[in-house]
Amino acid sequence: MAVRICPHCRTEICASDSAARSNDIVCPKCETRLEVASGSRTIASLAGLAAGAVAWKLSSNGTGDLAGVLPTLYAFLAFGVVSPLVLMFTANLRNAPALPVLLPADSSAPAGHDAGGHGAHH
Ligand SMILES: [Zn+2]
């Protein structure tokens, strides 16, 4: 399974780019806007949650002043580390939705064509 490959020109996208800019990656070769497919994000998020749960479990038996805080901290750190790592290795790229094109309000109305400044040339 090809990961982090531009669907247009088969250029490999840098792993850190795919994790850091998963909604708005621009292919370095053909400059197509890409994004990480949602399936890959789900996998990465689930893996991160699993890592967080394991970290919580491992640290929840601790004693001491910070025993109530450390499991949360470790779970948070585990999620923050594992999730982007998994995303780097599993990310499939797809075309990002096209940016909305802003058209003048009257550009599609046939009547607007005659009513505009077009008549000055006649
Ligand atoms: Zn490309």
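Just follow the structure's listing: the first ligand is 1, and inside any ligand the first atom is 1. Sequence positions, counted from 1, serve as the residue numbers for this chain.
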Practice item. Output yes when a side-chain donor or acceptor of Arg4 lies under 3.5 Å from a complementary backbone atom of Ile13, and no otherwise. Key: yes
Exercise for review: Scan for side chain to side chain donor-acceptor pair (under 3.5 Å) pairs involving residues 35-55, sequence neighbours excluded, and state none if there are none.
Suggested key: Asn23-Arg41, Glu35-Arg94
Can you give each donor-acceptor pair under 3.5 Å made by side-chain atoms of residues 73-88, sequence neighbours left out, with the distance rounded to 0.1 Å?
| from | atom 1 | to | atom 2 | distance (Å) |
| --- | --- | --- | --- | --- |
| Ser83 | OG | Ala44 | O | 3.3 |

**Study point:** Pairwise side-chain contact, Pro28 with Thr11, heavy-atom cut-off 4.5 Å (strictly under)
**Key:** yes
**Study point:** Under-2.8 Å neighbours of the Zn ion (ligand 1), protein N/O/S atoms only
**Key:** 4
Check your understanding: Hey, is CG on Asp65 packed in by over 12 heavy atoms from elsewhere, all under 6.0 Å?
Key -> no
Study note, to complete from the structure: Contacts of Arg21 meeting side-chain hydrogen bond (donor to acceptor under 3.5 Å, both in side chains) (sequence neighbours excluded), chain-then-number -> none
